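We're numbering straight along the sequence, starting at 1. Since the structure is predicted, the reported quantities are computational estimates derived from the model, not experimental observations.
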Amino acid sequence: MKKLLTYITAAALLISLGSCSQEDGSLYDFTLDPSTEATFAAEELSFDGLTADLGGKISVPMYRGNTAEAASVPVTITGGEGTFTPSKSTFDFAAGENVAYIDFTFDFETMSPAPVTISIVANNEEDISDNGYGATELVLQKQLTYSSLGIGYYYSAFGGDWEQEILKAEEGNYFLIPSAWVSGTDFSFYFDGQTLDWYTPSTGYESGYGPFLLNILSWNVVSQSPLTLYLEVTYNLAGYVDDPFGLGVGYEVIEFPEGFTLQ
């Protein structure tokens, strides 16, 4: 059975795409309109649980509303080179099929734990449903084995400060801050004392604010006991590079649990 990157159901998409549609207030049948009416499930498909039991393959779906005839939707795939290999560059639908797949193969043993982003963009705008997604970004990451370091502290120029559990991966200096700003949105990053790679661009959305993009300008270790990481950041509303409603420059501070040292 194919492993999907999203939990959205084909049934829900079929309701939105339908076997018929409306144009200028009147219903029309797809037999009179050759367009594929295709869509991805979402603008971003995240999957942070790549495991050995997947057999080195994942399958990315595309859906369509017009199933009357066989159809192919060509796409351009960028990113993931050397790690993820696509099986082809078209989504090929047989007559009557509402979903098609492109498979991506990978070597689980040799891949890095760092997340990989792959962009898939439909080449022809006319293949896409008016309300559909003609492009998607896959965010793929090897599943890591996290365990708790204990309770530290988190300080934010925007959100105040609070006690915070911090997790570390057995596979190396990969860290997870569960439900950092917002419940359900974890901050993940790599930090070895010399290098910081921040993997979570958005704070997540909570009623009343966000999501904000965190752009790290600089970082510094301001204490070794407890180990404390100071991040100088800018906050901007997601989707806006020069957001006039952003909060400007601020800071995020991660204080690791007492007694923790980097290996």
Is it true that a side-chain atom of Asp107 and a backbone atom of Glu109 form a donor plus acceptor pair closer than 3.5 Å?
yes
Tell me, please, which residues at least two apart from Asp197 pass salt bridge (Lys or Arg N to Asp or Glu O under 4.0 Å).
none
In Å, rounded to the nearest 0.5 Å, how long is the span from CD of Gln164 to CD1 of Ile151?
7.5 Å
Distance-only side-chain donor-acceptor flag, Ser59 / Asp103, under 3.5 Å
yes
Tell me whether Phe260 is reachable from Val222 by hopping between hydrophobic residues (I, L, V, M, F, W, Y) whose side-chain heavy atoms are closer than 4.5 Å.
no
Got Met62 and Val73 here, is their nearest side-chain heavy-atom distance under 4.5 Å?
yes
Which value, rounded to the nearest 0.5 Å, describes the distance between Phe40 atom CZ and Ser129 atom OG?
13.0 Å
So do the side chains of Asn131 and Thr39 get within less than 4.5 Å of each other, counting heavy atoms only?
no
Between Thr83 and Glu81, do the side chains contain a donor N or O and an acceptor N or O under 3.5 Å apart?
no
Derivation and outcome, side chain to side chain contact (heavy atoms under 4.5 Å, CB included), residues Phe47 and Val139:
CA-CA 6 Å; Phe47 192 73; Val139 182; over 6 Å; no
Counting C-beta onward and ignoring hydrogens, is there a side-chain heavy-atom pair between Phe256 and Pro226 closer than 4.5 Å?
no
Inspect the surroundings of CD in Gln263 and state if more than 12 heavy atoms from other residues, nucleotides or ligands are less than 6.0 Å away.
no
Does the side chain of Ser218 pick up a donor-acceptor pair with the side chain of Glu232 at under 3.5 Å?
yes
Following the transitive rule for hydrophobic clusters with a side-chain heavy-atom cut-off under 4.5 Å over Ile, Leu, Val, Met, Phe, Trp and Tyr, establish whether Val116 and Phe108 coincide in one cluster.
yes
Residues Asp127 and Ser35: side-chain donor-acceptor under 3.5 angstrom
no
With no hydrogens and no angle check, just 3.5 Å: does a side-chain donor-acceptor pair link Glu252 and Tyr154?
yes
Rounded to the nearest 0.5 Å, what separation is found between the CG atom of Leu229 and the CG atom of Leu262?
9.5 Å
Before giving the answer on side chain to side chain contact (heavy atoms under 4.5 Å, CB included), spell out for Val253 and Leu231 the whole-Å C-alpha distance, their side-chain angles and the decisive distance to 0.1 Å.
CA-CA 6 Å; Val253 180; Leu231 309 176; over 6 Å; no
Would you say Phe191 and Tyr199 are hydrophobically clustered, going by side-chain heavy atoms of ILVMFWY under 4.5 Å?
no
Derivation and outcome, side chain to side chain contact (heavy atoms under 4.5 Å, CB included), residues Ile118 and Phe84:
CA-CA 9 Å; Ile118 299 174; Phe84 293 92; 3.7 Å; yes
Would a distance-only check, ignoring hydrogens and angles, find a side-chain to backbone donor-acceptor pair under 3.5 Å from Ser148 to Gly150?
yes
Would you confirm whether Ser223, through its side chain, and Ser225, through its main-chain N or O, come within 3.5 Å as a donor-acceptor pair?
yes
Side chains of Ile58 and Leu140: does their closest heavy-atom pair fall under 4.5 Å?
yes
Anything under 3.5 Å between a donor and an acceptor, one on a side chain of residues 167-179, the other on a protein residue two or more places apart or in another chain? List them.
residue: Lys168; atom: NZ; partner: Gly172; partner atom: O; Å: 3.1
residue: Glu171; atom: OE1; partner: Thr145; partner atom: N; Å: 3.1
residue: Glu171; atom: OE2; partner: Thr145; partner atom: N; Å: 3.2
residue: Glu171; atom: OE2; partner: Thr145; partner atom: OG1; Å: 3.1
residue: Ser179; atom: OG; partner: Gly184; partner atom: N; Å: 3.0

dist Tyr153:OH -> Glu163:CD (nearest 0.5 Å) comes out at 4.5 Å
Within the 4.5 Å heavy-atom criterion, are Trp181 and Ser156 side-chain neighbours or not?
yes
Would you indicate whether the side-chain heavy atoms of Ile166 and Ile254 approach each other to under 4.5 Å?
yes
So how far is it from Trp219 CH2 to Tyr230 OH, rounded to the nearest 0.5 Å?
14.5 Å
Any side-chain heavy-atom pair from Tyr235 and Asn215 closer than 4.5 angstrom?
no
Quick one: pull up CE in Met111 and CG in Leu50 and give me the separation to the nearest 0.5 Å.
5.0 Å
Do the side-chain N and O atoms of Asn66 and Thr36 include a donor-acceptor pair separated by under 3.5 angstrom?
no
Non-hydrogen side-chain atoms of Leu138 and Val60 separated by less than 4.5 Å:
yes
Evaluate the side chain to side chain contact (heavy atoms under 4.5 Å, CB included) criterion for residues Leu227 and Thr261: first the C-alpha distance (whole Å), next the side-chain angles of each, then the deciding distance (0.1 Å), finally the verdict.
CA-CA 7 Å; Leu227 179 63; Thr261 57; over 6 Å; no
Connected via hydrophobic side-chain network under 4.5 Å: Val233 and Tyr155:
no
Between Ser188 and Asp186, do the side chains contain a donor N or O and an acceptor N or O under 3.5 Å apart?
no
Please work out whether the ring planes of Phe189 and Trp198 are parallel, tilted or perpendicular, with thresholds of 30° and 60°.
parallel
